[in-house]
Structure formats: C-alpha cells, structure tokens
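Below is one structure, written out as structure tokens; comments come after it.
Proteins get letters first, then strands, A, B, ... in listed order; numbering begins at 1 in each. Not measured: the values here are computed from a predicted model.
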Protein chains: 2
Amino acid sequence: MDTRKRTILQAVTEDYISSAEPVGSRTLAKKYHWGISPATIRNEMADLEEGGFLEQPHTSSGRIPSDKGYRFYVDELMAKVPVGHKVLERIRFTYQSRIRELEWFIHQTAKLVSDITGYPSIVLAPSWEEGIFSSLRFVEVDENNALLIIRTADGFAQNRTVSVPQELSLVQLNALAQDFSRQFAGISMRDLQNYILDPLFTSLFENAALRQTVLEWLLSEGPDDERMTVAGPLTILNYPEFKDINKVRRVLGFFEQDRAVEQMIQAHPADGVIALIGSEMSVDDIQDCSVVTASYQVGHKVVGRVMVVGPRRMQYAYVMKVLEVVSDELSQALKWA
Amino acid sequence: MDTRKRTILQAVTEDYISSAEPVGSRTLAKKYHWGISPATIRNEMADLEEGGFLEQPHTSSGRIPSDKGYRFYVDELMAKVPVGHKVLERIRFTYQSRIRELEWFIHQTAKLVSDITGYPSIVLAPSWEEGIFSSLRFVEVDENNALLIIRTADGFAQNRTVSVPQELSLVQLNALAQDFSRQFAGISMRDLQNYILDPLFTSLFENAALRQTVLEWLLSEGPDDERMTVAGPLTILNYPEFKDINKVRRVLGFFEQDRAVEQMIQAHPADGVIALIGSEMSVDDIQDCSVVTASYQVGHKVVGRVMVVGPRRMQYAYVMKVLEVVSDELSQALKWA
DNA sequence: ATTAGCACTCTCAATCTGAGAGTGCTAACA
DNA sequence: TGTTAGCACTCTCAGATTGAGAGTGCTAAT
C-alpha cells in the first residue's frame, strides 16, 4: 500500500465518518488539492476496492470504507487527537466525589462517557459472582428490619435492607454473621451460592426464615444479570444509519440484554482500549455498529469495562482517547478499597 | 345515544384495539350477526362520526375511534375483565419478599407491570424532597468509610457509603448526627436543603469537609430527578402505530425525562385508576399515546404512581384492572413502615 | 326505517420516468 | 508507464401515473 493509497483511504474514511455520505472521486479531488484528477483517484479507489478496503453501496455511488478499511484506518492511519481541557476537567471532577459506592461510580461513568462522546455507552461493573466474600453483618434499622452488609475482599460492599425474623435478636444475628464470615471468607460469591445446600451452611442457619433471607439476598443480587449500566441509548437515533426501525430495535434491544454484552466482551478479552468494528463482533444485533471498549482495574486486576457503541463510522480517534482517560481515572478512583 | 349506536361504537373500538386496522361497515356486518346490513351500519357510523366519536383516517377507509370515542368507551361501554389466576399469583408473590427497600419494590413493580401488560410501564417513587426527615446516622464500614443512613418519618431509609474525613472519629460523627437529627427532625427534605445555609446548620458542622459530605449527599439524592423507573420501554415498538422513527424517538425520549412525567401527573391529580387518552394529556411527546395511571399509598397518603403507556388503542379494561390490583398490593407491601 | 345498487373517493403498491451522481473504460498525452 | 479527458453506462431517488381494492355516501326501492 503506497502513500497515495493510504492518503486516499484516510480521506475517504474521514469524509465518510463526518458526512455519512458515500465519497466520490470528484468530491475528493475538489476538497483536497493533491494535484491529481478524479480519474486517477478513481483508479486508486478501484485498487482499494479490489484490496477489500472500500466498498460501493450501489454500482455507481461513491465509496465507503469496508470493515477491513476501518480496521486499517484505526490501526495505521488514524491521527491521535487530544482531549480538550474542559472535557478533561469534567472527567476529573466527576471522580472527586466523597461517595464510595461502586454503583454510583458506574452510573456516573456511563453518563459521563455518553455525554462527552455523543454515543450510547455501556459500563460493565465488576462481576459480583467472581468477587471474593469477606464478611457479612447486620445493622439495626428498626425493630423489624436490619441492614445486611456484605463486603468483598476488594473492599466493595453491597447492602440491603431486610426484614428480620421476630424470634431473632440483633445480637444473635450478628453472632451468626460472624460465624458465617469466619467460615466462608475467601470463597467467591458464586461458590458461596453453591454452598447454600452444604450441611455447613444449613447448620449455621438453623433458622429457616433467616436462611431464606440470606439465600434470597445472594440470589437476587448475585447473578450477574444487572452488571450493566447503559447511558444515552437514544443518542443512537441521531445517526442517519439508524433511521430504520428494525435496526433501532435490534440495537436498543441489545442494550437490554446483559448476557449479549457479556458474551461480546468475553469474545474479545484484550485489555486496554480496543475497537471492534462491525462484523468483527460475534453478536448479530450490532453488526451495524462498532464498539470501542476499555478495561478498568481494581488493584492491577481487570474487573470491568467501559464501552461506547456507535455506527461503524464512529469517531474512533476521539472515542478511544476519551475512553483511555476515563478508564484510567475510574481505575484510580476505585483505589479506595 | 341509542343502544344500537352504543353497540356499534363498542364493536368498532374493540375491533380497532385488537386489529389496529380501520373498521368498515361490511366487516362489522359480517362479523357480528346483528341482522342489519352494512348500509344501515354506515348510516349509524356517519351519525357517530358527526357526534365526534369516530373518525376516518382518509375519505374512504373504515372508521377508528376518536379520543372522545375512546373516552366514551372507557367510561360507559367497556366491560370489566377479571385478572387471571396465574397473573394474580404472580403479583402476590412479587410482594412477599423479605427485602425492605423502597427502590427494590419500585423496580419490581415496573418490571412486573410491563411484563404482564405488554406495554411500557413507569413507576413514580415517593418524592424524596417531600419526605419528612427523621434521623441521620453513620455506621462504620472500614477505617476511612462509613455508611450514612437517613430515615424519613414514613419509615423509609436511604443509605450511601461515603468517605469520612480523617480527623473525625465515628463516635464524634454520630454525636454530631444525633444533634443534627434532634435539631431537624420533622422538617421536609426540601426544606432541609434550604437550611444548609442556615447558621444552625453551619454551626453544627463546623468541619467543612463533613458539611460538604452531607451537602453532597442531600443534593445528589435529593432532587427528584431520579424518582422514575421505566420498564419495558421497547415493547412500544411492537405496536404498528410506532413504526415511524420520529414517534418512537418522542415516546422513548419522554421515558427519559423525569420532569415531563411529573408534569403530566401533576396535571391530573386524581387518585385511583384513571385513563388519559391522547390529546387529554398536556405533554406533546405522547399525544399518540394513552396512559393508564394508578396511585399507591403509604398510610392513607398517596405518595406515588404506577403508570402504563401504550398506543391510544390500548387494552384499557385489562390494563386498568391490572393496575388496580398492583397498586393495591404495592400499597399493602409498603405498610412495613 | 332499512336496504340494494352504484358511482365515487382514497390508499397502496407497482411501474415508469428523468435528473443527478459517479463510475469504468478507452484512447490520447506527457 | 503513469495520468488524464471524454463518454457511455449504471444506479438511486423523487415524482408522476396507473390499476386494484376497500369503503363510503347517496338514491331509489322495499
């Protein structure tokens, strides 16, 4: 691929990204003063098409990049863009809160990213099931109710207000909780669920009602089917490729399926910021989309991801840069643990 | 309005509700064996159109009910339908949980209603701002973090994990919290926010960092812009009247605007189960919709609403019955306070 | 009061048309 | 050998036309 082809491919891609219209040779010749005629550009574009980097929607409209073309653009051609000062400030400010709740950070991150990029964003929270159980305890709320606090080894906590069986006092309850914590600390939440049928578990919680409470809690919060937060789903409607109701339905439907998202992520386990372009993704519902995803860490361990979903002609450079910054800041912010 | 006109209006309405196709005289004559000919039906329909109960989309298609027609149908013609046994069981089961969290109930209710009816549903939680402050306290989580629990006079609690200024011990913190609670119990959350600038408040919290924490908490949870939970928004796409992308955008956009929903509700403050049909609503974005809304109570006081949004040709009878049952059960369930 | 008959209106899908945009190819040129 | 001008060709898109189908309103007969 010689320099001129690269230049043309880059021009086609960037033009198409900003206009959503197939790019013709004449347009390019007029816009960029390369000193070559439309005919020459046509020849080059024909070569690029032969090489699989460009496609024609119809026999004689302009060209648009193929997935391979976008891939080449992202990997080789794309210029790095800086993140504006104001945006940077805004990101930093978001993570300065005194609030120490995982869920809150996840929500804020999703909103922030969608707002900055103008695309829908998804944040995948750390898997609760994979979290390591650390301790369990009850705090009195009133006569009948208590706050159940479960902590993981990572320093995250989940809490839930539950009603307490009449016949148990808070003191008894916490004695049980301490036993329980000692017994099961270090085990993953997923395994903990399996222990529910273990004799050890049932012997600790002889009280059936209480056992049911703990069980219900583990099951209701446990399964990772609410790991996902979506922000700005409707921004997808701003892009002309989604004027067809069925495409919209599929993409918005995807945003409601935690499983599909997890599946997609698991198929591309790379760390750092990566772009997944159209057909590179296994999930049918978003074949018309591209996804940029960035991992974030808690203590050197990748625990979740921040993602942006957009049309294939996404502003890759900008989005990737934003996600790089955001995921770093988020990782920093979660270091409280 | 004589009996025959009523019968015809009812038939047109119910046919249109289930088919989404304008109903013609011939169709009616064939389907119902009233012993009158299409021509007679036509005459009657012409009268009904003159009376404003029916309309013709185009000069010569069948008729569809006007908003006035739906109104008459809902108020006078509609037959009561029972809720199936299985559905009833499911509703009851949902509210038997030991979990005692308002937010959880709100979410479950929204999901439940959307699932049962097949329409999008919105649940409006009790206004936090209007809630009466009762007490404030801190529970230790670890060295640096504490759980801040705020309770209202209704017995509801919100909690949030926050980082604690180094220089304050938990004991000091809770001493302050107790002073604070004594001082401000009985004041609405909204007023509490205004007190933030009050000398009394600032004197209690001489520690600036702490004051900021409390303030941040009140502001972040306080404004009622997350009162609303939506479930099943995409079910609206199943109805053929929403095959136009712009209608979809408006309706789905409405679901993201807490303010618009509150505004709509405030314009129709009636208790119990009511239907709002198309143009009866003040909000432009949902002129193509009807809304059925039911209020729920905590201790004889209406605190929130369960709503179903659907096309104008909604299954009014069924939806209204479902909401009646659900809002009753929800009110019962919230009596723990 | 009801009904049969019929002309009329309107929608919808299919077909056709011309303008416009852009291409591929060929032959000429540097 | 690479580049370019010219031209025929292809395809889309919007607008106009057409015929079938559905349903009506009106009139005259029952």
Exercise for the section: Tell me which residues in residues 18-25 of chain A put a heavy atom below 4.0 Å from DNA chain C, sorted by number, or none. Expected result: A:Gly24, A:Ser25
Practice task
Go through the steps for A:Tyr73 and A:Glu14 under the test side-chain hydrogen bond (donor to acceptor under 3.5 Å, both in side chains), then give the verdict.
Solution key: CA-CA 9 Å; A:Tyr73 173 76; A:Glu14 288 174 357; 2.9 Å; yes
Problem - Whole-Å gap separating P (D:dG25) and CG (B:Leu54) - result: 11 Å
Fill in the blank from the handout: Between B:Arg4 and B:Pro57, whichever has its closest DNA chain C nucleotide further toward 5' is B:Arg4
Practice task
Check each of A:Asp285, A:Val230, A:Ile286 against A:Phe255 using the side-chain contact (heavy atoms from CB on, under 4.5 Å) test, and report the only one that passes.
Solution key: A:Val230
What nitrogen or oxygen pairs link the protein and nucleotides 9-11 of chain D at under 3.5 Å?
residue	atom	partner	partner atom	Å
D:dT10	O2	A:Ser60	OG	3.2
D:dC11	OP1	A:Thr59	OG1	3.1

Exercise for the section: Grab the CD1-P distance between A:Ile8 and C:dT23 for me, whole Å please. Expected result: 11 Å
Practice task
State whether B:Glu324 and B:Lys321 are salt-bridged, where the test is any N-O pair (Lys NZ or Arg NE/NH1/NH2 against Asp/Glu carboxylate O) under 4.0 Å.
Solution key: yes
For residues 267-282 of chain A, tabulate all N or O donor-acceptor pairs below 3.5 Å that involve a side-chain atom, not counting sequence neighbours.
residue	atom	partner	partner atom	Å
A:His268	NE2	A:Glu280	O	3.4
A:Ser279	OG	A:Asp67	OD2	2.6
A:Glu280	OE1	A:Arg71	NH2	2.6
A:Glu280	OE1	A:Ile277	N	3.1
A:Glu280	OE2	A:Arg71	NE	3.0
A:Glu280	OE2	A:Arg71	NH2	3.3

Exercise for the section: Send over the distance from A:Arg26 CZ to D:dA5 C1', rounded to a whole Å. Expected result: 13 Å
Practice task
Measure from CZ on B:Arg63 to C1' on C:dT11 and round the result to the nearest Å.
Solution key: 16 Å
Practice task
Return yes if a side-chain donor-acceptor contact under 3.5 Å exists between B:Arg305 and B:Thr293, otherwise no.
Solution key: yes
Practice task
Could you check which residues of residues 40-51 of chain A get a heavy atom under 4.0 Å from DNA chain C? Sort them by number, please.
Solution key: A:Arg42, A:Met45
Handout entry: Residues that B:Asp244 engages under side chain to side chain donor-acceptor pair (under 3.5 Å), provided they are two or more places apart
Key = none
Practice task
With salt bridge (Lys or Arg N to Asp or Glu O under 4.0 Å) as the test, would you mind laying out the steps for B:Arg250 and B:Asp284 before giving the verdict?
Solution key: CA-CA 9 Å; B:Arg250 283 166 53 191; B:Asp284 277 353; over 6 Å; no
Practice task
Keeping to residues at least two apart or across chains, list the side chain to side chain donor-acceptor pair (under 3.5 Å) pairs with something in residues 22-35 of chain A.
Solution key: A:Asp15-A:Lys31, A:Asp15-A:Tyr32, A:Ser25-A:Arg42
Problem - Under-4.0 Å salt bridge between B:Glu55 and B:Arg63 - result: no
Exercise for the section: Step through it carefully: locate the ring centre of B:Tyr119, locate the ring centre of B:Tyr239, and say whether they are under 6.0 Å apart. Expected result: yes
Handout entry: Check ion pair A:Lys247-A:Glu241 (N to O, under 4.0 angstrom)
Key = no
Practice task
Would you kindly give the CD1-to-C1' distance between A:Ile36 and D:dA5, to the nearest whole Å?
Solution key: 15 Å
